[in-house]
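Quick notes on the structure that follows.
Values below: every heavy atom of this structure, side chains too, minus hydrogens, waters and symmetry copies. Keep in mind that this is a model prediction, so the values were computed, not measured.
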Amino acid sequence: MDAGEIEKSKALITVEIIEYVPNSVVIKTILKKSTGNISVMSFDSGEGLTEKTTPFDTFVQIIEGKAEIVISTVSHLLQTGQSIVIPAHASNLVKPNGRFKMILTIIKSGYE
């Protein structure tokens, strides 16, 4: 197992992989490879991510709660079970909307 990754070949309840920490954003790596990575993140109330741009497509799936994902100034309110793809090179940010958990998948291959 790579350092920081979760145990492979073991069934998990995704939403239970990570807990909330007061006044924090917590990140747990599921897989980390040169071609991309998958992480589970928890956000306490009032916590979010600042605006950024990445050179890769990013898949966001809300697994608990709801969050506002802003892509190129267009707001998307996602609830549990909903997802969205943030295109490569698009400015984006995650705005708090209460506590929530999400899966973040970044694909780095295919951009050569």
- Task: Answer whether the closest heavy-atom distance between the side chains of Val94 and Phe100 falls below 4.5 Å.
- Result: yes
- Query: Are Leu12 and Tyr20 joined in one hydrophobic group, where the rule is that I, L, V, M, F, W and Y side chains link up if heavy atoms are under 4.5 Å apart?
  - Reply: no
- Are Ile6 and Val26 connected in the hydrophobic side-chain network, where two residues link if heavy atoms are under 4.5 Å apart? yes
- Taking side chain as C-beta onward, heavy atoms only, is Leu31 less than 4.5 Å from Lys8? yes
- Query: Got a donor-acceptor contact below 3.5 angstrom from the Lys28 side chain to the Ile17 backbone?
  - Reply: no
- Item | Least distance between heavy atoms, Ser72 atom then Ala90 atom | OG-CB, 3.6 Å
- Note on the structure: Between the CD1 atom in Ile63 and the CD1 atom in Ile13, the distance rounded to the nearest 0.5 Å is 11.5 Å
- Distance in Å, Asn97 CG paired with Glu68 CD, rounded so as to fall on 0.5 Å steps: 7.0 Å
- Query: Would you find a donor on one side and an acceptor on the other, under 3.5 Å apart, between the side chain of Lys101 and the backbone of Val15?
  - Reply: yes
- Message: Any heavy-atom pair between the side chains of Thr54 and Ile106 that's under 4.5 Å?
- Response: no
For residues 34-47, please give each side-chain donor-acceptor pair under 3.5 Å, one per line with the distance, not counting sequence neighbours.
from: Ser42; atom 1: OG; to: Glu19; atom 2: O; distance (Å): 2.8
from: Asp44; atom 1: OD1; to: Arg99; atom 2: NE; distance (Å): 2.8
from: Asp44; atom 1: OD2; to: Asn23; atom 2: N; distance (Å): 2.7

- Message: Nearest 0.5 angstrom please: Met102 CE to Thr80 OG1, how far?
- Response: 13.5 Å
- Task: Drop me the distance from Ile84's CD1 to Thr58's OG1, to the nearest 0.5 angstrom.
- Result: 11.5 Å
- Is it true that Ile69 and Val85 fall in one hydrophobic cluster, defined by side-chain heavy atoms closer than 4.5 Å? no
- Say whether Val74 and Leu77 are linked into one hydrophobic cluster, either directly or through other cluster members, by side-chain heavy-atom distances under 4.5 angstrom. no
- Hey, are the side chains of Leu49 and Leu93 touching, using non-hydrogen atoms and a 4.5 Å cut-off? no
- Kindly compute the distance separating OG1 (Thr53) from CG (Asn92), expressed to the nearest 0.5 Å. 6.5 Å
- Residue pair Val70 / His76, side-chain heavy-atom distance below 4.5 Å: no
- Task: Determine whether Ile27 and Leu104 fall in the same hydrophobic cluster, where Ile, Leu, Val, Met, Phe, Trp and Tyr are linked whenever their side-chain heavy atoms lie under 4.5 Å apart.
- Result: yes
- Message: So Ile62 and Gln82, do their side chains get closer than 4.5 Å, heavy atoms only?
- Response: no
